[in-house]
Asks: 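Okay, here's the structure, questions in a sec.
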Amino acid sequence: PVIKTELFQNKFISDWLRTRPEAAKVSESDIAAACVVSGGSLGIALDCISGREKTRASLATEAAEAVLTLCTKSLADRILFFMSLKHSREEFGILLDYAMLAVRDLTAVKSGASETVFYPDQDSALDISSKLKMRRLIKLFEVLEVAKKDITQSNASASAVMCSLAAAD
């Protein structure tokens, strides 16, 4: 027999993490980041706040900053930000996955959805998405998807792909 399960929602994971002894040593933003990184898994979320999965948490934070940069900053600021990122191909792939989740949330809340996957709450996503047109968000998702494919599958230069991503309009 197959037992089908569903992934836990961020609210449930954050509430559960606060009950753990490991949570006494971390901030609320660390708990929020762990929820994002976990992908609905309690084990991964716990690993994040206990320090065993720090790379993913920092990549999720950078992904949030990357999306905000792509959505609100000038071309020069976007290029400076993306050229400052130094990661392996695998890490860039993870960062771009998180960035696509963030754009998914922005698109969803702009369409009236209340549940978010990447952002800790609807208001965070709504604040950013209200400044953008839906067409721009869809284009941004497509550009992120191509960048991920170029870095992880096509063996393209990561710095060239990130510079191209920064210049995408």
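Each residue takes its place number in the sequence, starting with 1. Scope of the values below: all heavy atoms of this structure, side chains included, with no hydrogens, waters or symmetry mates.
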Asks: To the nearest 0.5 Å, tell me how far Leu101 CG sits from Asp97 CG.
Replies: 7.0 Å
Asks: Okay, side chain of Asp77, backbone of Thr69: is any donor-acceptor separation there less than 3.5 Å?
Replies: no
Asks: Would a hydrophobic clustering, with Ile, Leu, Val, Met, Phe, Trp and Tyr connected at side-chain separations under 4.5 Å, put Phe8 with Ile44?
Replies: no
Asks: Following the transitive rule for hydrophobic clusters with a side-chain heavy-atom cut-off under 4.5 Å over Ile, Leu, Val, Met, Phe, Trp and Tyr, establish whether Leu42 and Val117 coincide in one cluster.
Replies: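 Looking at the clustering, Val117 is in a separate group from Leu42.
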Asks: Hey, does the side chain of Lys86 reach the backbone of Met83 with a donor-acceptor pair shorter than 3.5 angstrom?
Replies: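 Yes.
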Asks: In Å, rounded to the nearest 0.5 Å, how long is the span from CG of Asp105 to CG of Leu126?
Replies: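 Reported value, rounded in 0.5 Å steps: 11.5 Å.
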Asks: Applying a strict under-4.5 Å side-chain criterion to I, L, V, M, F, W and Y, I'd like to know whether Leu68 and Leu85 cluster together.
Replies: yes
Asks: Report the C-alpha separation of Met162 and Leu165 in whole Å, then their side-chain angles, then the decisive distance to 0.1 Å, and conclude whether the side chain to side chain contact (heavy atoms under 4.5 Å, CB included) test is met.
Replies: CA-CA 5 Å; Met162 296 314 272; Leu165 176 60; 4.1 Å; yes
Asks: Might you point out which heavy atoms bring Ser50 and Glu22 nearest each other, and give the distance in Å?
Replies: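 Closest heavy-atom pair between Ser50 and Glu22: CB-CG, 4.0 Å.
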Asks: Just verifying a value: how many Å separate Glu65 CD and Thr61 OG1, rounded to the nearest 0.5 Å?
Replies: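 If we round to the nearest 0.5 Å, Glu65:CD and Thr61:OG1 are 9.0 Å apart.
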Asks: Side chain of Lys110, backbone of Ser129: donor and acceptor closer than 3.5 Å?
Replies: yes
Asks: Among pairs that include at least one residue of residues 92-137, which meet ring-ring contact (aromatic ring centres under 6.0 Å, His included), considering only residues two or more places apart or in two chains?
Replies: His87-Phe92
Asks: When you group the ILVMFWY residues by side-chain heavy-atom contacts below 4.5 Å and let the links chain together, are Leu106 and Leu95 in the same group?
Replies: yes
Asks: For residues Ile13 and Ala45, report the shortest heavy-atom separation together with the two atoms involved.
Replies: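 What the structure gives for the nearest pair is CG2-CB, 3.6 Å.
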Asks: Measure the shortest side-chain to side-chain distance between Val146 and Lys149 over non-hydrogen atoms and say whether it is less than 4.5 angstrom.
Replies: no
Asks: Provide the closest heavy-atom pair for Val103 versus Leu137 in the form atom of the first, atom of the second, distance.
Replies: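 For Val103 and Leu137, the tightest heavy-atom pair comes out as CG1-O, 3.4 Å.
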Asks: For the atom pair CG (Leu80) and OG (Ser74), what is the distance rounded to the nearest 0.5 Å?
Replies: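 OG of Ser74 is found 8.0 Å from CG of Leu80.
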Asks: Of all the heavy-atom pairs spanning Met134 and Ser111, show the shortest one and how long it is.
Replies: CE-OG, 3.1 Å
Asks: Hey, what do you get for SG (Cys35) to CG (Asp30), rounding to the nearest 0.5 Å?
Replies: 11.0 Å
Asks: Check Cys71 against Leu132 and note the closest heavy-atom contact, atom names and distance.
Replies: SG-CD1, 3.3 Å
Asks: With a 3.5 Å distance limit and no angle check, can you tell me whether Gln153 reaches the backbone of Asp150 through a side-chain donor-acceptor pair?
Replies: no
Asks: Could you walk me through whether Lys73 and Phe81 pass the side chain to side chain contact (heavy atoms under 4.5 Å, CB included) test, one step at a time?
Replies: CA-CA 10 Å; Lys73 302 291 183 182; Phe81 174 80; over 6 Å; no
Asks: For Lys131, is the NZ atom crowded, meaning more than 12 foreign heavy atoms sit under 6.0 Å from it?
Replies: yes
Asks: Would you kindly confirm whether Val143 and Leu70 end up in one hydrophobic cluster when ILVMFWY residues are joined by side chain heavy atoms under 4.5 Å apart?
Replies: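 Yes, same cluster.
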Asks: Determine yes or no for a side-chain-to-main-chain donor-acceptor pair under 3.5 angstrom, with Arg89 supplying the side chain and Ala156 the backbone.
Replies: yes
Asks: Say you draw a straight line from CD of Gln9 to CG of Asp15; how long is it, rounded to the nearest 0.5 Å?
Replies: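 Gln9 atom CD to Asp15 atom CG measures 12.0 Å (nearest 0.5 Å).
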Asks: Which atoms form the tightest heavy-atom contact between Ile31 and Ala23, and what is the distance?
Replies: CD1-CB, 4.3 Å
